[in-house]
Amino acid sequence: MKFDWTQGALAEGLRLYDAGEFFAAHEAWESVWLPAPEPEKTFLQGLIQVTAAFHHLQRENRLGTSRLLQAALGRLERYPACFGGISVDLLRNDIRQCLQALDMGTPAPQPRPARITCLG
C-alpha cells in the first residue's frame, strides 16, 4: 500500500491533526485504516492512537492520554526511521517527550502534540 498524504482521507486527517482537531483526524484516518493490509494497518493504528491521545488531553484526561501514547509507541517501535512518508523517529521522540511531561504530574504544563511530519 502506498500512502499519499497530499490528497484524500490521509491528507484531510493530517490537516485536521495539525489544526488540533484530533477527533476528526482520527475519524478521517480510520477510513483508511480499516481496509489497510499489514504492515500499514498497524502503523495507521499507531497514528490513530496518537490522535485519540491528544483528543483525551484536550479533555484533560491525562491518564487516558498517557495510556494511548504508550500503546501508540509500542506499535510504532517496530517501524524504521521513515515509514509511509512519515518521520517515525521524530514522532516516537515527541511521544516520549510528551510521556515524560505527563509523568511529571500536576501541575505540569500541557505537552505539545507529537509531530506527524511528511517527508518530501
Side-chain angles (χ1 to χ4, degrees):
M1 174 179 182
K2 181 168 173 33
F3 289 109
D4 183 354
W5 297 97
T6 64
Q7 59 186 350
L10 290 177
E12 181 64 6
L14 190 59
R15 184 192 68 73
L16 291 163
Y17 182 87
D18 288 343
E21 297 178 39
F22 302 116
F23 184 79
H26 166 282
E27 293 294 310
W29 286 340
E30 196 168 76
S31 70
V32 180
W33 165 70
L34 286 171
E38 289 297 345
E40 292 86 354
K41 187 175 196 85
T42 298
F43 179 73
L44 287 169
Q45 188 175 16
L47 295 184
I48 289 167
Q49 287 177 317
V50 170
T51 64
F54 288 106
H55 175 68
H56 278 278
L57 190 60
Q58 286 176 328
R59 301 182 78 198
E60 299 182 19
N61 178 357
R62 294 172 75 88
L63 180 59
T65 301
S66 181
R67 287 182 176 164
L68 280 165
L69 287 176
Q70 289 170 357
L73 189 58
R75 282 186 171 73
L76 297 171
E77 287 291 5
R78 67 184 80 173
Y79 292 91
C82 174
F83 184 83
I86 298 293
S87 174
V88 182
D89 271 351
L90 177 66
L91 178 56
R92 286 187 294 237
N93 288 338
D94 282 359
I95 290 170
R96 288 183 192 106
Q97 287 178 1
C98 185
L99 285 168
Q100 286 177 340
L102 289 167
D103 284 346
M104 295 177 104
T106 307
Q110 262 323 51
R112 67 173 169 77
R115 292 169 285 178
I116 299 176
T117 304
C118 291
L119 303 171

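- For Tyr79 (side chain) and Pro39 (main-chain N/O), a donor-acceptor pair under 3.5 Å exists by modelled atom type.
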I'd like to know whether Leu69 forms a side chain to side chain contact (heavy atoms under 4.5 Å, CB included) with Leu102, so could you lay out the CA-CA distance, the side-chain angles of the two residues, the decisive distance to 0.1 Å, and finally the verdict. CA-CA 10 Å; Leu69 287 176; Leu102 289 167; 4.1 Å; yes
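- Under the 4.0 Å criterion applied to side-chain N and carboxylate O atoms, Lys41 and Glu38 are not assigned as salt-bridge partners.
- Leu73 and Ile116 fall within a single hydrophobic cluster, where Ile, Leu, Val, Met, Phe, Trp and Tyr are joined by side-chain heavy atoms under 4.5 Å apart, directly or via other members.
- Aromatic ring orientation, His55 versus Phe23: tilted (interplanar angle from 30° to 60°).
- At distances below 3.5 Å, at least one donor-acceptor pair connects side-chain atoms of Gln58 with backbone N or O atoms of Gly20.
- Relative ring orientation between Trp5 and Trp29 is described as perpendicular, the plane-to-plane angle rising above 60° on a 0-90° scale split at 30° and 60°.
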Check against side chain to side chain contact (heavy atoms under 4.5 Å, CB included), Val32 and Met1: CA-CA 11 Å; Val32 180; Met1 174 179 182; 3.5 Å; yes
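- From Leu99, atom CG reaches atom CZ of Arg67 across 13.0 Å, with rounding to the nearest 0.5 Å.
- Using modelled atom types, one side-chain atom of Thr65 and one backbone atom of Asn61 make a donor-acceptor pair closer than 3.5 Å.
- Cluster membership for Leu44 and Leu34, using ILVMFWY side-chain heavy atoms within less than 4.5 angstrom, is shared.
- Formation of a donor-acceptor pair under 3.5 Å by the Arg92 side chain with backbone atoms of Leu76 is found in this model.
- Ionic pairing of Asp18 and Arg15 is not present here: no N-O contact between side-chain nitrogen and carboxylate oxygen is shorter than 4.0 angstrom.
- Using modelled atom types, one finds no donor on one side chain facing an acceptor on the other under 3.5 Å when comparing Ser87 with Asp89.
- In the hydrophobic cluster analysis, where Ile, Leu, Val, Met, Phe, Trp and Tyr join through side-chain heavy atoms closer than 4.5 angstrom, Phe54 is grouped apart from Leu16.
- In this structure, the separation between CD on Gln49 and CD on Gln70 is 11.0 Å, given to the nearest 0.5 Å.
- Without hydrogens or angle criteria, Ser31 side chain to Ala28 main chain gives a donor-acceptor distance under 3.5 Å.
- Here the CZ-CE distance, from Arg62 to Met104, works out to 10.0 Å after rounding to the nearest 0.5 Å.
- In this structure, Leu68 is not a member of the same hydrophobic cluster as Phe22, with clusters built from ILVMFWY side-chain heavy atoms closer than 4.5 Å.
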Phe83 and Glu40: CA distance, side-chain angles, deciding distance, side chain to side chain contact (heavy atoms under 4.5 Å, CB included) verdict: CA-CA 9 Å; Phe83 184 83; Glu40 292 86 354; 4.3 Å; yes
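- In this structure, Leu10 is a member of the same hydrophobic cluster as Ile86, with clusters built from ILVMFWY side-chain heavy atoms closer than 4.5 Å.
- Residue Val88 comes nearest to Pro80 through the heavy atom pair CB-O, 3.3 Å, listed as atom of the first residue, atom of the second, then distance.
- Residue Ile95 holds its CD1 atom at 11.5 Å from OG of Ser66, rounded to the nearest 0.5 Å.
- Minimum interatomic distance between Ala25 and Gly13 (heavy atoms only, all atoms of both residues): CB-O, 3.3 Å.
- Rounded to the nearest 0.5 angstrom, Glu12 CD and Glu21 CD are separated by 8.5 Å.
- Under the salt bridge (Lys or Arg N to Asp or Glu O under 4.0 Å) criterion, Arg96 pairs with Glu77, sequence neighbours left out.
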